[in-house]
Chemist: 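Encoded as structure tokens, here's the structure I'll be asking about.
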2 protein chains.
Amino acid sequence: MQRKSFGSMSCPIARSLERVGEWWNILILRDAFAGLSRFDEFQKSLGIAPTMLTRRLNGLVEAGLLERHPYSERPLRHEYRLTERGVDFQPVLLAMLAWGNRHFAPEGESIMIVDRKTRERATPVLVDRASGRPLIGPDYVVVAGPAATEAGRQRIPPGGRSLDPARRSGASA
Amino acid sequence: MQRKSFGSMSCPIARSLERVGEWWNILILRDAFAGLSRFDEFQKSLGIAPTMLTRRLNGLVEAGLLERHPYSERPLRHEYRLTERGVDFQPVLLAMLAWGNRHFAPEGESIMIVDRKTRERATPVLVDRASGRPLIGPDYVVVAGPAATEAGRQRIPPGGRSLDPARRSGASA
DNA sequence: CAGTATCCTGTCCGATACTG
DNA sequence: CAGTATCGGACAGGATACTG
């Protein structure tokens with residue numbers, strides 16, 4: 001699986017995209033989280049061509065998001081399970097779910113997250129684990145890390161770049 | 001911009017992918033969050049072919065994530081600004097950033113989020129806005145929403161599907 | 001500077017057919 | 001059931017050249 005590479009490879013987002021950038025990959029992961037694990041389960045669920053599914057599955061295995069586990073010898077058959085790296089991808093999926101629900105669900109939500117007991121709807125927000133404060137707001141900033149390139153470093157203003165939409169020129173009143 | 005469509009269109013994740021699925025789109029959004037707004041800023045930053053950039057920019061405008069604002073008449077020139085829908089996409093970007101940092105940063109992080117004052121590193125976690133409890137854990141489940149199709153509904157176990165990695169077969173001890 | 005026009009290549013992806 | 005083999009189309013994306 002030959003990987004596409006972008007100009008700004010030093011960016012972790014670009015690096016992530018190299019692994020999950022293809023259209024199907026994210027949907028396969030979504031289904032893996034839904035508990036699917038066998039080739040034909042994915043195929044039925046996604047309506048994807050088998051040859052494509054093979055390629056995407058192999059890609060995800062190579063990228064370390066999925067693991068093959070044999071469940072039958074003779075003939076050798078395996079199921080695809082999320083690795084820890086794959087499981088870690090869940091926040092991205094949930095963030096996309098929330099965004100899709102918010103902006104592209106004209107007829108209402110088709111999937112939602114609720115409290116297990118009270119059944120109340122949850123609204124996903126990203127916060128800092130330690131402090132519990134929302135990341136998107138005035139309290140946090142993006143800064144260059146130890147592995148940043150000089151070019152990357154220069155794109156970030158001194159003091160860091162705000163994550164607050166209100167401080168973005170053009171956004172909001 | 002003719003949109004690709006997937007089998008399971010009822011899923012909000014699939015719907016999101018229709019808008020931002022292309023490789024460049026996410027990187028363009030990332031740069032937009034970094035404050036870039038002019039054609040040539042994007043081009044320099046991304047190293048993308050101008051013709052491609054035009055296409056992607058148009059796509060993002062059509063999808064409602066970016067807005068054109070004229071900053072010069074004669075000749076007419078516009079800059080591209082994030083709409084509210086675009087700004088709302090930030091959690092997805094940050095989740096990808098965190099995932100990329102965690103799993104694909106062998107030489108250390110190149111970009112990180114820190115507390116504006118204390119300069120301490122933040123770790124992004126997804127929580128419910130109302131309760132503050134982490135979504136990925138035992139407290140929350142995924143259920144079918146009002147707009148779910150019958151097929152989608154049947155894929156979710158009664159009571160909802162857990163988001164807890166520990167309850168996933170095969171993951172962790 | 002902010003694009004458009006044109007051409008070309010790679011590959012994503014589906015359709016179909018085949019195999020242990 | 002879980003894939004592999006092969007074919008072909010559509011388009012993402014790059015390179016180059018051009019325009020107001």
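Just so it is clear: chains get the letters A, B, ... in the order the sequence lines come, proteins before strands, and each one is counted from 1. Because the structure is a prediction, the values reported are computed rather than measured.
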Chemist: Run the numbers on A:Ile136 and A:Val125 for side chain to side chain contact (heavy atoms under 4.5 Å, CB included), then give the verdict.
Modeler: CA-CA 9 Å; A:Ile136 299 170; A:Val125 213; over 6 Å; no
Chemist: Taking the six-membered ring of A:Tyr71 as reference, does the NZ or CZ atom of A:Arg38 fall below 6.0 Å from its centre and within a 45° cone about the axis?
Modeler: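 Because its charged atom sits under 6.0 Å from the ring centre and within 45° of the axis, A:Arg38 does stack over A:Tyr71.
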Chemist: Please tell me which of the listed nucleotides, C:dG3, D:dG13, D:dC1, lies nearest to the side chain of A:Tyr71?
Modeler: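 From the listed options, D:dC1 comes nearest.
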Chemist: Hey, are B:Glu109 and B:Arg121 close enough for a salt bridge, meaning a charged N less than 4.0 Å from a carboxylate O?
Modeler: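 B:Arg121 and B:Glu109: salt-bridged.
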Chemist: Take the protein atom CZ of A:Arg55 and the nucleotide atom C1' of D:dC7, then report the distance between them rounded to whole Å.
Modeler: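 The distance from CZ of A:Arg55 to C1' of D:dC7 comes to 12 Å, rounded to the nearest Å.
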Chemist: With nearest nucleotides of DNA chain C determined for A:Ile48 and A:Arg77 from heavy-atom distances, which residue corresponds to the more 5′ nucleotide?
Modeler: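 This one resolves to A:Ile48.
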Chemist: Name the closest nucleotide to the A:Ala49 side chain, picking from D:dT4, D:dA2, C:dG14.
Modeler: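 Out of D:dT4, D:dA2, C:dG14, the nucleotide with an atom closest to A:Ala49's side chain is C:dG14.
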Chemist: CG of B:Leu53 versus C1' of D:dG13: gap in Å, rounded?
Modeler: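 Value for this atom pair: 12 Å.
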Chemist: Under a 3.5 Å cutoff, is there a donor and acceptor pairing between the side chains of B:Arg68 and B:Tyr80?
Modeler: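 Result is yes, a qualifying pair exists.
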Chemist: Could you check how far NE2 of B:His69 sits from C1' of C:dA2, rounded to whole Å?
Modeler: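 Interatomic distance, NE2 of B:His69 to C1' of C:dA2: 17 Å.
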Chemist: Would you indicate which nucleotide in D:dG3, D:dA5, C:dA5 comes nearest to any side-chain atom of A:Thr51?
Modeler: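 The answer is D:dA5, which lies nearest to the side chain.
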Chemist: Nearest-Å distance, NE2 (B:His78) to P (C:dG3)?
Modeler: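 After rounding, the reported distance stands at 6 Å.
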Chemist: Of A:Pro50 and B:Pro50, whose nearest nucleotide on DNA chain D comes first from the 5' end?
Modeler: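 Its nearest nucleotide being more 5', the pick is A:Pro50.
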Chemist: Rounding to an integer number of Å, can you tell me how far A:Met52 CE sits from D:dG3 P?
Modeler: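 So the CE-P distance, A:Met52 to D:dG3, works out to 16 Å.
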Chemist: Atom CZ of A:Arg56 and atom C1' of D:dA2: how far apart are they, to the nearest Å?
Modeler: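 In whole Å, D:dA2 C1' lies 18 Å from A:Arg56 CZ.
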Chemist: Rounding to a whole Å, what distance do you find between A:Glu22:CD and D:dG13:C1'?
Modeler: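 Atom CD in A:Glu22 sits about 13 Å away from atom C1' in D:dG13.
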Chemist: Hey, does B:Arg119 have a side-chain heavy atom less than 4.5 Å from the side chain of A:Val141?
Modeler: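 In contact.
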Chemist: Measure CG/B:Leu27 against P/D:dG13 and give the value in whole Å, please.
Modeler: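 Those two atoms, CG and P, are 10 Å apart.
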Chemist: Whom does D:dG20 pair with, Watson-Crick or G-U wobble, provided both distances fall under 3.5 Å?
Modeler: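 For D:dG20, the partner nucleotide comes out as C:dC1, under the 3.5 Å rule.
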